[in-house]
Colleague: 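This is the structure I want to talk about, given as structure tokens.
In what follows, every heavy atom counts, from backbone to side chain, and hydrogens, waters and symmetry copies are set aside. This is a predicted model, so every value here is computed, not measured.
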Amino acid sequence: MMSTPVTGERDPRTTVRVLAPSGMLGAGFPAETIDRGIALGADVIALDGGSTDSGPYYLGSGTAKTTAAAVARDLRILLRAAAGAGIPLIVGSCGTSGTDSGVDWVAGIVDGILREEGLDLRVARIYSEQTAAALKERLNEGRVHPLAPMGDLDAATLDACSHIVGMMGHEPFEAALRAGADVVLAGRATDTAVAAAYPLMMGMPAGPTWHASKIIECGGQCTTNPRTGGVLATIDQDGFTIEPLDPAAACTTTSVAAHMLYETVNPFEMREPAGTLVVSDAIYTALDDRRVRVEGSRFDLAEQYTVKLEGARVTGYETMSFSAIRDPHILAHIEEWVALMHEVHTGRVRQTLNLDPAEYAVDMRLYGYNAVLGDIDPATGPPREVGVMMLVNAPDQATATAIAKIANPLMLHLPTPDMDYLPSLAFATSPAETERGPVYQFVLNHVVDVDEPTDMFRIEMGDSRD
């Protein structure tokens with residue numbers, strides 16, 4: 001099987017259909033929904049391969065949150081479908097965070113599948129990692145600017161990052177497709193750019209294209225049943241239409257419009273590297289009980305094209321302990337018990353390890369009481385049971401574990417001052433201390449002014465297979 005690469009000038013077609021299988025590569029989808037999307041005339045398959053939702057660890061460590069088996073399962077289905085239909089397959093933010101190693105990891109899986117399936121597809125890799133040295137040059141040129149609530153960037157912050165990625169727009173994808181790629185595997189990219197690249201290249205208007213791409217970025221999340229598979233967006237010169245790929249699911253005006261609330265500061269505007277999507281005048285119309293038509297979106301070009309930076313650094317090493325409390329007296333005075341725990345534990349750490357509180361950090365989270373909302377939790381009255389999670393952060397793993405071990409007898413038997421007996425609490429694991437290794441923190445929320453949209457990204461084209 002062999003797909004047809006996109007080359008030459010824009011195709012004067014009137015519509016482009018984008019198949020979005022799921023919200024993330026490796027999340028899974030019913031294979032039959034892909035067949036249905038192809039039968040409905042999909043022109044491209046596009047999906048996201050990553051996210052920052054799960055925190056800074058994946059960028060900091062350069063590892064993926066998904067398993068190779070899950071990624072391979074999804075890719076095998078999609079590569080077969082793309083090759084059979086002769087359409088491109090685009091994946092962005094490979095390996096969760098879009099590091100160079102993440103792109104190579106996904107590319108290795110793709111290469112194995114192509115060999116096993118005998119598919120003749122040309123694969124492009126787009127790398128988005130940035131070096132501290134190159135960014136410091138741009139910083140010195142006044143080309144790096146903070147996004148709220150961050151302040152001005154310090155060069156030392158760049159040096160401290162274990163990995164830094166730039167978030168690409170649609171242009172690097174288009175460049176790879178025009179160079180003859182059948183499969184595009186990219187580093188960090190905006191979720192929308194993955195789906196917008198092909199329609200924009202084919203001459204679809206920016207407003208409907210970016211809006212449709214935003215709506216389908218999470219696959220079936222814009223439907224009445226997000227667990228059943230992806231969606232198909234048909235983009236034309238006046239707007240776009242969304243329909244689910246599972247016959248049992250439906251798109252409604254509410255489910256489609258509501259996705260503009262997802263991960264946006266302003267539900268009517270969303271910034272991309274090239275400009276801002278504006279949907280304040282968009283009109284959502286139900287064509288039937290399954291499909292929704294959207295018109296009235298626009299895209300305002302920015303005066304300056306910018307690339308957002310993401311970076312993570314190690315903030316220490318962490319050890320975790322988890323104990324459970326059912327004692328009704330402690331639960332009735334749980335905040336006093338936590339305060340006593342901090343007081344006694346701090347004293348014993350100073351006495352045993354000669355460490356002051358400024359040299360380490362201890363976080364106590366009370367699951368079943370206020371671990372999620374903290375002080376703004378509206379619940380009143382004592383909880384029925386509480387899980388106490390202690391997280392110790394220290395400059396090295398041995399110190400973090402030593403501090404956690406000092407807390408061990410306290411998390412098992414600490415009474416409140418008015419108790420005349422020694423309570424017995426319950427550790428969740430044995431040993432009670434779990435070493436979590438290095439802990440990372442996002443430290444970059446800045447943009448870089450660039451002259452060309454592809455300046456900060458590197459495209460490597462593979463050979464077509466015989």
Side-chain angles (χ1 to χ4, degrees), residues 52 54-61 132 146 148-164 310-323 325 330 333-367 369-377 386-417 425 427-429 431-446:
T52 58
S54 298
Y57 172 82
Y58 302 100
L59 175 58
S61 62
M150 301 294 284
D152 290 338
L153 181 61
D154 185 271
T157 300
L158 295 171
D159 289 326
C161 289
S162 55
H163 292 282
I164 302 171
E310 294 174 349
R313 70 179 178 192
V314 174
T315 61
Y317 293 78
E318 192 170 82
T319 298
M320 178 184 71
S321 295
F322 195 98
S323 182
I325 302 177
I330 294 179
H333 305 85
I334 188 64
E335 292 186 5
E336 291 86 344
W337 184 86
V338 171
L340 179 63
M341 166 69 79
H342 277 298
E343 179 184 347
V344 175
H345 182 240
T346 299
R348 292 190 180 181
V349 170
R350 181 182 288 111
Q351 180 185 64
T352 306
L353 302 177
N354 196 31
L355 292 175
D356 290 327
E359 299 178 81
Y360 62 94
V362 174
D363 185 13
M364 300 280 288
R365 302 180 185 179
L366 305 179
Y367 285 92
Y369 180 61
N370 66 352
V372 177
L373 295 180
D375 292 339
I376 66 171
D377 197 306
V386 164
V388 181
M389 177 187 286
M390 171 181 275
L391 297 171
V392 179
N393 187 300
D396 60 82
Q397 192 71 68
T399 300
T401 300
I403 294 170
K405 284 179 177 291
I406 289 173
N408 187 301
L410 304 176
M411 294 187 72
L412 189 60
H413 292 302
L414 179 68
T416 58
L425 312 179
F427 279 119
T429 61
E433 297 77 32
T434 301
E435 294 185 342
R436 298 193 61 249
V439 178
Y440 297 89
Q441 176 187 26
F442 286 125
V443 292
L444 296 180
N445 192 33
H446 299 74

Colleague: Rounded to the nearest 0.5 Å, how far apart are CG of L366 and CD of E335?
Modeller: 8.0 Å
Colleague: Once salt bridge (charged side-chain N to carboxylate O under 4.0 Å, His left out) is applied, what residue pairs with a partner in residues 354-365 remain, sequence neighbours excluded?
Modeller: R350-D356, D363-R365
Colleague: Show which side-chain atoms of residues 399-408 pair as donor or acceptor with protein atoms under 3.5 Å away, not counting sequence neighbours.
Modeller:
residue: T399; atom: OG1; partner: D396; partner atom: OD1; Å: 2.9
residue: T399; atom: OG1; partner: D396; partner atom: OD2; Å: 3.0
residue: T401; atom: OG1; partner: T319; partner atom: OG1; Å: 2.9
residue: T401; atom: OG1; partner: Q397; partner atom: O; Å: 3.1
residue: T401; atom: OG1; partner: E435; partner atom: OE2; Å: 2.7
residue: N408; atom: ND2; partner: E433; partner atom: OE2; Å: 2.9

Colleague: Would you mind reporting whether L353 and Y360 have side-chain heavy atoms less than 4.5 Å apart?
Modeller: no
Colleague: For H446 and P146, work out which heavy atoms get closest and say how close.
Modeller: CD2-CA, 3.3 Å
Colleague: Do the side chain of S323 and the main chain of L412 share a donor and acceptor less than 3.5 angstrom apart?
Modeller: no
Colleague: Rounded at 0.5 Å granularity, tell me how far CE in M390 sits from NE2 in H345.
Modeller: 4.5 Å
Colleague: Can I get a per-line list of side-chain donor-acceptor pairs under 3.5 Å for residues 149-161, giving both atom names and the distance, sequence neighbours left out?
Modeller:
residue: D154; atom: OD1; partner: A156; partner atom: N; Å: 2.7
residue: D159; atom: OD1; partner: K136; partner atom: NZ; Å: 2.9
residue: D159; atom: OD2; partner: K136; partner atom: NZ; Å: 3.2

Colleague: Can you confirm whether I325 sits close enough to I334 that some side-chain heavy atom of one is under 4.5 Å from a side-chain heavy atom of the other?
Modeller: yes
Colleague: Taking all non-hydrogen atoms of both residues, which atom of Y440 and which atom of A312 are closest, and how far apart?
Modeller: CB-CB, 4.4 Å
Colleague: Atom CG of L444 and atom NE2 of H163: how far apart are they, to the nearest 0.5 Å?
Modeller: 13.0 Å
Colleague: Which heavy atom in T429 sits nearest to a heavy atom in T434, and how many Å separate them?
Modeller: OG1-OG1, 4.3 Å
Colleague: Please name the pair of heavy atoms, one in V388 and one in M411, separated by the smallest distance, quoted to 0.1 Å.
Modeller: O-CE, 3.5 Å
Colleague: Once you round to the nearest 0.5 Å, how far does CG of N393 lie from CE of M320?
Modeller: 14.0 Å
Colleague: Quick one: which of I330, L410, L414 gives a side chain to side chain contact (heavy atoms under 4.5 Å, CB included) with L340?
Modeller: L414
Colleague: Look at atom OH of Y57 and say whether more than 12 heavy atoms of other residues, nucleotides or ligands are closer to it than 6.0 Å.
Modeller: no
Colleague: Taking all non-hydrogen atoms of both residues into account, name the closest pair between P395 and Y317 and its distance.
Modeller: O-CD1, 3.3 Å
